[in-house]
Asker: 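Below is the structure I would like to discuss, written out as structure tokens.
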Amino acid sequence: EDKVFMVLPPEAADWARDNDIPQPPTEYSSVTQGDVVISTPSAGSYVSGRVGVSGSAKAKDFAMYRLEYGDGTSPGLWTQIGSPGSQQVNNGLLGQWDTSKLSGLYTLRLRVTDKAGKEQQSTIPVTVDNAPPTIRITVPISGTSISFADPNPDWVNIQVDAADSMGMSRVE
């Protein structure tokens with residue numbers, strides 16, 4: 001379904017809500033039921049390592065299904081994951097995707113073909129992140145000692161430099 005939204009700055013969020021002006025969604029929405037669907041991983045999720053891809057691959061006069069991935073959101077080149085499936089799958093494992101040598105935004109695609117050659121497909125975007133974040137304490141400087149006159153200080157100044165190739169939600 002295509003919709004057009006009036007995109008307003010964050011400062012106008014309350015005004016838009018009070019005036020019933022719909023704003024675009026902030027999260028991916030995915031269909032998790034149907035004959036041709038990828039249900040796991042979910043659209044927009046972060047994955048790493050070996051990923052079990054689940055869903056349904058069904059069709060009247062079913063012939064086969066293929067599970068593939070491509071670089072970016074509109075891949076021009078697709079790489080097949082495993083062998084083509086010769087049996088229908090209903091809410092089950094479609095294949096195992098080894099992402100260990102990948103990094104970045106990818107699109108997963110499930111293609112189901114019937115005996116007449118007609119094809120149905122389902123795609124979802126995912127982000128592959130196999131590199132763990134790095135963190136370095138910058139204050140206090142390594143090797144320094146800290147002592148407190150008060151055995152229960154209200155605060156301690158600790159500063160860190162944290163980085164990740166895909167982003168972080170928080171540092172604790």
Side-chain angles (χ1 to χ4, degrees), residues 1-10 12-13 16-134 162-170:
E1 179 179 345
D2 290 332
K3 286 187 177 184
V4 176
F5 293 95
M6 180 189 327
V7 179
L8 300 169
R17 189 175 37 257
D18 292 345
N19 289 285
D20 295 322
I21 299 172
Q23 292 297 288
T26 57
E27 296 178 359
Y28 283 104
S29 175
S30 62
V31 177
T32 57
Q33 294 181 348
D35 288 343
V36 180
V37 66
I38 298 170
S39 55
T40 306
S42 59
S45 64
Y46 282 73
V47 298
S48 63
R50 199 156 175 79
V51 178
V53 180
S54 299
S56 294
K58 303 182 293 184
K60 184 177 181 185
D61 294 326
F62 175 89
M64 62 178 245
Y65 74 87
R66 291 182 194 271
L67 191 57
E68 305 164 315
Y69 71 92
D71 193 7
T73 56
S74 298
L77 178 66
W78 294 93
T79 303
Q80 187 168 303
I81 300 170
S83 301
S86 58
Q87 300 292 320
Q88 295 191 72
V89 176
N90 185 23
N91 294 322
L93 186 65
L94 298 164
Q96 291 283 338
W97 182 27
D98 182 6
T99 69
S100 60
K101 292 184 171 89
L102 304 175
S103 181
L105 182 61
Y106 288 85
T107 299
L108 271 173
R109 176 169 78 174
L110 171 63
R111 293 188 305 150
V112 174
T113 309
D114 66 17
K115 290 177 183 168
K118 183 179 172 196
E119 187 176 280
Q120 295 179 322
Q121 68 178 13
S122 174
T123 61
I124 62 161
V126 294
T127 301
V128 177
D129 185 5
N130 284 301
T134 59
D164 188 66
S165 59
M166 297 294 153
M168 293 176 283
S169 61
R170 68 180 186 278

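Remember, predicted model here, so these are calculated numbers, not experimental data.
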Asker: Measure across G55 and S39 and return the closest heavy-atom pair with its distance rounded to 0.1 Å.
Answerer: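 That closest heavy-atom pairing would be CA-OG, 3.4 Å.
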Asker: To the closest 0.5 Å, what do you measure between CD (Q88) and CG (D35)?
Answerer: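 If we round to the nearest 0.5 Å, Q88:CD and D35:CG are 8.0 Å apart.
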Asker: Just how far is it from atom NZ of K58 to atom CD of Q120, taken to the nearest 0.5 Å?
Answerer: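 One gets 11.0 Å once the value is rounded to the nearest 0.5 Å.
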Asker: Under 4.5 Å between any side-chain heavy atoms of V36 and L110, yes or no?
Answerer: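 Yes, at least one pair of side-chain atoms sits under 4.5 Å.
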Asker: What's the shortest heavy-atom distance between E68 and W78, and which atoms?
Answerer: CB-CE3, 4.0 Å
Asker: What pair of heavy atoms forms the shortest contact from P41 to G52, and how long is it?
Answerer: CD-O, 4.2 Å
Asker: Among residues at least two apart in sequence or on other chains, which ones pass side-chain contact (heavy atoms from CB on, under 4.5 Å) with L102?
Answerer: Y69, W97, T99, Y106, V128
Asker: CZ/R111 to CZ/R66 distance, rounded to the nearest 0.5 angstrom?
Answerer: 6.0 Å
Asker: Could you tell me whether a side-chain N or O of N91 sits under 3.5 Å from a main-chain N or O of S56, the two making a donor and an acceptor?
Answerer: no
Asker: So how far is it from R109 CZ to Q80 CD, rounded to the nearest 0.5 Å?
Answerer: 10.5 Å
Asker: Please report the shortest heavy-atom distance between S54 and L94, naming the atom on each side.
Answerer: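 In this case the closest contact between S54 and L94 is C-CD1, 3.7 Å.
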Asker: Would you compute the distance between atom OH of Y65 and atom OG1 of T113 and round it to the nearest 0.5 angstrom?
Answerer: 12.5 Å
Asker: Step by step, would you call D164 with D129 a side-chain contact (heavy atoms from CB on, under 4.5 Å)?
Answerer: CA-CA 9 Å; D164 188 66; D129 185 5; 3.3 Å; yes
Asker: Ignoring hydrogens, what is the shortest heavy-atom contact between L105 and P125? Give both atom names and the distance.
Answerer: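 Where L105 meets P125 most closely, the heavy atoms are CD1-CB, 4.4 Å.
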Asker: Decide yes or no on side-chain contact (heavy atoms from CB on, under 4.5 Å) for L108 and I81, but give the supporting numbers first.
Answerer: CA-CA 10 Å; L108 271 173; I81 300 170; 3.7 Å; yes
Asker: Kindly write out the residues that satisfy side-chain contact (heavy atoms from CB on, under 4.5 Å) with P9, not counting sequence neighbours, or none if the list is empty.
Answerer: E11, A12
Asker: Side chains of residues 17-25: which donor-acceptor pairs under 3.5 Å do they make with residues two or more places apart or in other chains?
Answerer:
unit_1, atom_1, unit_2, atom_2, d
R17, NH2, D14, OD1, 2.3
N19, ND2, W15, O, 2.8
Q23, OE1, L8, N, 3.4
Q23, NE2, M6, O, 2.8

Asker: Between D98 and S100, is any side-chain donor less than 3.5 angstrom from a side-chain acceptor?
Answerer: yes
Asker: Testing the basics here: between V126 and S42, what is the closest heavy-atom pair and its distance to 0.1 Å?
Answerer: CG1-O, 4.0 Å
